[in-house]
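Below is one structure; the comments refer to it alone.
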Amino acid sequence: MMADLPPKSYRSTAQKRRRVVGLLSLLLFIEVACALFTSPYLRVRNVALKGLSGLSPQEIAQTQQTAAKLLRHNWFLAPTSSVRRALHNLPWVRSVHIVRHFPHTLQLVIGTRQPFCRLVVGLTTYEMDDEGVPIRLARSPLPTLPTVRLPQEAVVCGRPLDDIEIGALLTILKQSRIENHPAIADVEVDSERNICLNMSDGMRVLFGQAEEIEKKIALLNRIYELQPNVAKLLSVVNLTCPSHPAGIPRVAYLKATSQPEASSTAHSILLSPRNGRSKIQG
């Protein structure tokens, strides 16, 4: 028996046993892993999609077709990374979250891009989200949204517009919303990249270049806070230089636009950015 064995023989036998047990454990691990990664029972049989409401039937079908690439793969080895990248390449997909449900279901929670404004380039109108990403050609009917008009440029749905003016326009649309503040109906950018806001109350606001946007927004909000009915007095407010804002009275503007020869009689109003007072300048 073991007690009769010399000490060296006892240690040798114990080491052999440990080696045999380790080898058998490794073989068992490999066997279990092979069973898990090759078993037909653990293949992905169901891909559930959530968050597709608001998409067109064609967009839903294309999203489902992309997600279907996960089917028939092993539940552990399904190519979730490549499918996630493919879904992110769809213009209307903003985020993808994948949840695994053992043993053969994968759930994809899709975050879709929501229209934030209309983007008009030439004769083409797109839906654009709040990150400056064109989503699709504008659908009809579409909820009332502000319109952004840009000079002719290349637009690819799903790729963000990285112009500095786009960032400025999105900032304006997001931050110029306060109580009793008329909505921005239309935003124009001319060929020289000057920004003009057409307010829903009929007043035009000249922002100039995409500079000092925060100051211009604060000044515009301040004007409406001090005089909510400012559009009845002014037809144009010029905030190109926020330290010296100016405006054109509505009567003078109407005379100038209806009678070209009377344009020389039009007056402008200088607005004080501090106290909201104004004075007539001939």
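Put simply, the side chain of Arg193 never gets that close to the backbone of Glu165: no donor and acceptor are under 3.5 Å apart. At distances below 3.5 Å, at least one donor-acceptor pair connects side-chain atoms of Lys216 with backbone N or O atoms of Glu211. Under the 3.5 Å distance criterion, the side-chain polar atoms of Ser200 are matched with a main-chain donor or acceptor of Ala183. With Thr66 contributing its side chain and Gln62 its backbone, the two residues share a donor-acceptor pair below 3.5 Å.
A distance of 6.0 Å separates CG in Leu161 from CG in Leu119, rounded to the nearest 0.5 Å. To the nearest 0.5 angstrom, Asn74 atom CG is 12.5 Å from His104 atom NE2. With rounding to the nearest 0.5 Å, the separation of CD1 in Ile172 from CD1 in Ile217 is 5.5 Å. In this structure, CD1 on Ile98 lies 5.0 Å from OG1 on Thr80, to the nearest 0.5 angstrom. The NE2 atom of His73 sits 7.0 Å away from atom CG of Leu70, with the distance rounded to the nearest 0.5 Å.
For the pair Glu127 and Arg118, the salt-bridge criterion is not met [side-chain N within less than 4.0 Å of a carboxylate O]. Ionic pairing of Arg136 and Glu59 is present here: one or more N-O contacts between side-chain nitrogen and carboxylate oxygen are shorter than 4.0 angstrom.
Leu106 and Phe102 fall within a single hydrophobic cluster, where Ile, Leu, Val, Met, Phe, Trp and Tyr are joined by side-chain heavy atoms under 4.5 Å apart, directly or via other members. Side-chain heavy atoms closer than 4.5 Å link hydrophobic residues (I, L, V, M, F, W, Y) into clusters, and following such links, possibly through other members, connects Tyr41 to Val47. Hydrophobic clustering, with ILVMFWY side chains joined whenever heavy atoms are under 4.5 angstrom apart, groups Leu77 together with Leu71. Clustering ILVMFWY residues whenever any of their side-chain heavy atoms sit less than 4.5 angstrom apart, transitively, puts Val187 in a cluster other than the one holding Val120. Val133 and Val96 are not part of a single hydrophobic cluster, where members link through side-chain heavy atoms under 4.5 Å apart.
Using a 4.5 Å heavy-atom cutoff, the side chains of Met128 and Ile135 are not in contact. Side chains of Asp190 and Pro151 form no contact here, defined as non-hydrogen atoms less than 4.5 Å apart. Side-chain contact between Leu220 and Val237 is absent, with no heavy atoms from C-beta onward closer than 4.5 Å. Using a 4.5 Å heavy-atom threshold, the side chains of Ile166 and Leu150 count as touching. Between Lys69 and Pro79 the shortest side-chain heavy-atom distance does not fall below 4.5 Å. Arg113 places none of its side-chain heavy atoms less than 4.5 Å from the side chain of Pro91. In this structure, Leu234 and Ile248 have side chains that are not in contact, with every pair of non-hydrogen atoms separated by 4.5 Å or more. Residues Glu212 and Cys241 are not in side-chain contact: their nearest non-hydrogen atoms beyond the backbone lie 4.5 Å or more apart.
In terms of heavy atoms, Met203 sits closest to Ala231 at CB-CB, 4.0 Å. The two residues Gly167 and Thr171 make their nearest non-hydrogen contact at O-OG1, 2.9 Å. Heavy-atom minimum distance, Glu188 versus Asn198: OE2-ND2, 3.1 Å. A pairwise comparison of heavy atoms in Asp201 and Pro182 identifies OD2-CG, 3.3 Å as the closest pair. Between Arg204 and Cys196, the closest heavy-atom pair is NH2-SG, 3.3 Å. Heavy-atom minimum distance, Gln209 versus Ile213: O-CD1, 4.4 Å.
Side-chain atoms of Tyr224 and Asn229 form no donor-acceptor pair, as typed in the model, at a separation below 3.5 Å. Using modelled atom types, one finds a donor on one side chain and an acceptor on the other under 3.5 Å when comparing Thr63 with Trp92. Checking Thr112 against Gln114 by side-chain atom types alone, a donor-acceptor pair falls below 3.5 Å.
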Salt bridge (charged side-chain N to carboxylate O under 4.0 Å, His left out) between Arg94 and Asp130, worked out: CA-CA 11 Å; Arg94 186 169 190 161; Asp130 59 357; 3.1 Å; yes

Evaluation steps, side-chain contact (heavy atoms from CB on, under 4.5 Å), between Cys117 and Leu173: CA-CA 9 Å; Cys117 62; Leu173 293 175; 4.2 Å; yes

Derivation of the side-chain contact (heavy atoms from CB on, under 4.5 Å) call for Arg85 and Leu87: CA-CA 5 Å; Arg85 286 194 298 269; Leu87 288 171; over 6 Å; no

Criterion side-chain contact (heavy atoms from CB on, under 4.5 Å) on Leu197 and Met199, from CA distance to verdict: CA-CA 6 Å; Leu197 311 183; Met199 310 301 292; 4.1 Å; yes

Derivation and outcome, side-chain contact (heavy atoms from CB on, under 4.5 Å), residues Gln107 and Lys50: CA-CA 8 Å; Gln107 183 183 58; Lys50 294 183 63 177; 3.2 Å; yes

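Arg100 forms a cation-pi arrangement with Trp75, by the criterion of a distance under 6.0 Å to the ring centre and an angle within 45° of the ring axis.
Counting heavy atoms of neighbouring residues, nucleotides and ligands inside a 6.0 Å radius, atom CZ of Arg45 exceeds 12 of them.
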